[in-house]
Amino acid sequence: MRAVIARRGAMGGTSAGAMSLAEYCLCGGMSLESKHVMQDARTPYLDDDSQPGTSGIHADFLGVIRGVFIDSHVTERARLGRMLGVLARAHEDAGLDTLLGVGIGSHSGLVIRNGIGEVRAAGSVNFVQQTPATVRRRVNGHPLVYTQLRVDRLTEGWRYDLPHRSPVLSALPSGVVPVTYPGPGASNQGALTIDGGRESDRKKFELVARYAPDPYSLTRTTASAFVARAVGMPHMGNYENRDTKDETVFRALYDAVGAVGVFMFAGGSSSRTSADPNWLSFEGASGSMVVDLQSASYRGLSPCTSYWSDRTESLHPAAFVGATLHAIGRSASNSMRYDTRLYQIVP
């Protein structure tokens with residue numbers, strides 16, 4: 001394999017084969033899931049099974065794509081949280097502040113030539129990296145806190161410049177449009193608590209995204225108390241529908257520019273008080289992930305139908321350039337808060 005690489009031959013891999021092409025690989029033999037990281041930032045599932053207590057992130061195999069960590073099955077297994085857990089550990093253990101996370105969905109591909117990756121097929125590829133504003137906290141027994149990350153979620157036809165850590169914007173795919181940030185959202189009113197393990201609590205967000213077996217749709221909630229201009233999915237650790245939930249939230253953000261997307265896990269909750277109704281606190285044993293498009297510059301829809309849709313061709317993967325991603329949870333000292341009106345972390 002190294003001889004093929006040396007003579008600039010082609011090399012490819014699927015699933016673990018794709019992961020092993022990156023300089024950094026999660027290959028400790030542990031079945032890490034997003035919910036583990038959302039419960040414990042230092043979860044043993046990040047360790048090497050053959051040497052407990054040591055890191056399962058290795059950089060001693062092929063290293064074809066330098067400065068990169070690759071994960072696979074990202075939409076199918078809702079691995080965005082898992083990616084953040086790996087990036088956070090690698091950044092902390094080895095000081096890799098420029099490490100780029102590349103999350104490839106099933107039924108998706110990334111073809112790289114001379115440092116430029118082109119996204120192919122029906123799914124999406126997520127490119128995740130720290131920013132100068134990123135805050136990272138990994139406390140044993142507490143959810144991962146990892147804020148102000150940049151995520152570029154790209155679909156069929158998009159290209160990404162790996163050395164420069166940026167999508168190629170000189171030739172955009174068909175149908176891509178600029179994102180116009182609509183400004184602060186509506187003010188919220190009254191106290192509210194959302195249970196991260198209760199499926200029905202997605203109706204406590206103003207925008208309710210319908211998903212399989214029903215065709216995708218986005219409607220306004222009928223609940224009397226809700227989080228304004230937001231769409232949320234509780235119970236993201238549920239094996240039966242985590243794939244469709246992941247795809248559905250991102251599609252909803254495409255349709256509702258200015259909305260906030262919230263991914264929640266069983267064991268966690270978010271709440272607000274009547275005194276500070278715009279500030280959501282994230283508490284409990286599990287954290288949550290929040291994504292918004294305040295910093296995004298472009299959005300688009302894939303020409304392909306999502307493999308994780310209802311098969312009625314109503315759900316197409318959404319692409320975004322420059323979205324902001326946060327992992328938020330209770331730290332050792334306090335509960336993290338997010339201002340749903342101004343789209344920012346509350347100190």
Side-chain angles (χ1 to χ4, degrees), residues 15 19 26-49 55-57 69 71-90 92 101 103-106 126 128 136-147 149 151 193-202 205 209 211 231-250 261-271 280-291 308 325-332 335-336 338:
S15 192
M19 295 171 66
L26 177 65
C27 47
M30 302 288 279
S31 186
L32 177 67
E33 298 179 25
S34 291
K35 65 180 182 181
H36 298 141
V37 176
M38 292 296 107
Q39 294 167 353
D40 183 358
R42 296 185 177 274
T43 173
Y45 284 96
L46 279 165
D47 293 346
D48 192 317
D49 189 40
S55 177
I57 305 166
F69 153 69
D71 208 350
S72 56
H73 305 283
V74 170
T75 299
E76 176 191 8
R77 300 176 187 174
R79 282 182 166 174
L80 190 55
R82 161 174 145 139
M83 285 186 65
L84 298 189
V86 173
L87 285 173
R89 176 157 191 172
E92 183 176 294
I104 304 175
S106 299
N126 293 277
V128 184
R136 181 183 64 247
R137 297 178 190 161
R138 298 181 67 240
V139 180
N140 188 49
H142 291 268
L144 174 67
V145 173
Y146 207 14
T147 64
L149 294 153
V151 57
T193 297
I194 304 170
D195 187 333
R198 184 178 298 162
E199 296 279 1
S200 60
D201 272 17
R202 63 193 178 97
F205 297 91
Y211 57 89
V231 57
M233 285 291 179
H235 216 336
M236 281 300 298
N238 187 339
Y239 294 101
E240 294 181 359
N241 51 28
R242 58 186 178 178
D243 45 12
T244 310
K245 286 180 176 180
D246 185 278
E247 193 81 279
T248 297
V249 168
F250 283 108
V262 183
F263 298 96
M264 302 184 69
F265 294 80
S269 65
S270 62
S271 62
L280 274 184
S281 293
F282 292 86
E283 302 168 326
S286 296
S288 299
M289 291 184 294
V290 176
V291 60
W308 313 115
L325 175 65
H326 312 280
I328 311 176
R330 175 174 285 281
S331 66
S335 172
M336 294 290 294
Y338 181 82

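- With hydrogens and angles ignored, the 3.5 Å screen pairs a side-chain donor or acceptor of S286 with a backbone N or O of A266.
- Distance check, rounded to the nearest 0.5 Å: CZ of R202 to CE of M233 gives 5.5 Å.
- Checked by atom type and distance alone, the side chain of D40 pairs as donor or acceptor with a backbone atom of G141 at under 3.5 Å.
- Checked by atom type and distance alone, the side chain of S34 pairs as donor or acceptor with a backbone atom of G81 at under 3.5 Å.
- With rounding to the nearest 0.5 angstrom, the NE2 atom of H36 is 14.5 Å from the CG atom of L144.
- The aromatic ring centroids of F265 and H235 lie 6.0 Å or more from each other.
- Side-chain contact between V145 and I328 is absent, with no heavy atoms from C-beta onward closer than 4.5 Å.
- When the options L26, V128, I57 are evaluated for a side chain to side chain contact (heavy atoms under 4.5 Å, CB included) with F69, the one that passes is L26.
- Atom OG1 of residue T43 and atom CE of residue M38 lie 11.0 Å apart, to the nearest 0.5 angstrom.
- E76 and H73 share a side-chain donor-acceptor pair at under 3.5 Å.
- The closest donor-acceptor contact from the side chain of R198 to the backbone of P234 lies at 3.5 Å or more, if one exists at all.
- Between the side chain of D201 and the backbone N or O of D195 there is at least one donor-acceptor pair closer than 3.5 Å.
- Contact of the L325 side chain with the L84 side chain is registered, since non-hydrogen atoms from C-beta on lie closer than 4.5 Å.
- In terms of modelled atom types and a separation under 3.5 Å, the side chain of S269 and the main chain of G196 share no donor-acceptor contact.
- Of all heavy-atom pairs spanning L46 and R89, the tightest one is O-NH1, 3.5 Å.
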Between R136 and T147, does the side chain to side chain contact (heavy atoms under 4.5 Å, CB included) criterion hold? Intermediate values first, please. CA-CA 7 Å; R136 181 183 64 247; T147 64; over 6 Å; no

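- Electrostatic pairing of D243 and R77 does not count as a salt bridge here, judged by no charged N lying under 4.0 Å from a carboxylate O.
- Contact check for L80 versus F250: side-chain heavy atoms found under the 4.5 Å cut-off.
- For the pair R79 (side chain) and D71 (backbone), a donor-acceptor distance under 3.5 Å is absent.
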Under the salt bridge (Lys or Arg N to Asp or Glu O under 4.0 Å) rule, what do K245 and E199 come out as? Steps first, then yes or no, please. CA-CA 11 Å; K245 286 180 176 180; E199 296 279 1; 2.9 Å; yes

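- Nearest heavy atoms, S288 versus M264: OG-CG, 3.6 Å.
- Residue R82 comes nearest to L32 through the heavy atom pair NH1-O, 3.0 Å, listed as atom of the first residue, atom of the second, then distance.
- Tested against H326 for a ring pair (Phe, Tyr, Trp, His ring centres under 6.0 Å), the candidates Y338, F282, Y146, F263 yield a single pass: Y338.
- In terms of heavy-atom proximity, M236 sits nearest to D246 at CE-N, 4.1 Å.
- Using a cut-off of 4.0 Å between Lys/Arg side-chain N and Asp/Glu carboxylate O, E92 and R138 are scored as salt-bridged.
- When all heavy atoms are compared, the tightest approach of T244 to Y211 is CG2-CB, 3.8 Å.
- Salt-bridge annotation for E247 and R242: absent, with no side-chain N of the basic residue lying under 4.0 Å from a carboxylate O of the acidic one.
- The shortest distance between side-chain heavy atoms of R137 and H142 does not fall below 4.5 Å.
- Residues M83 and N126 come closest through the heavy atom pair CE-O, 4.3 Å.
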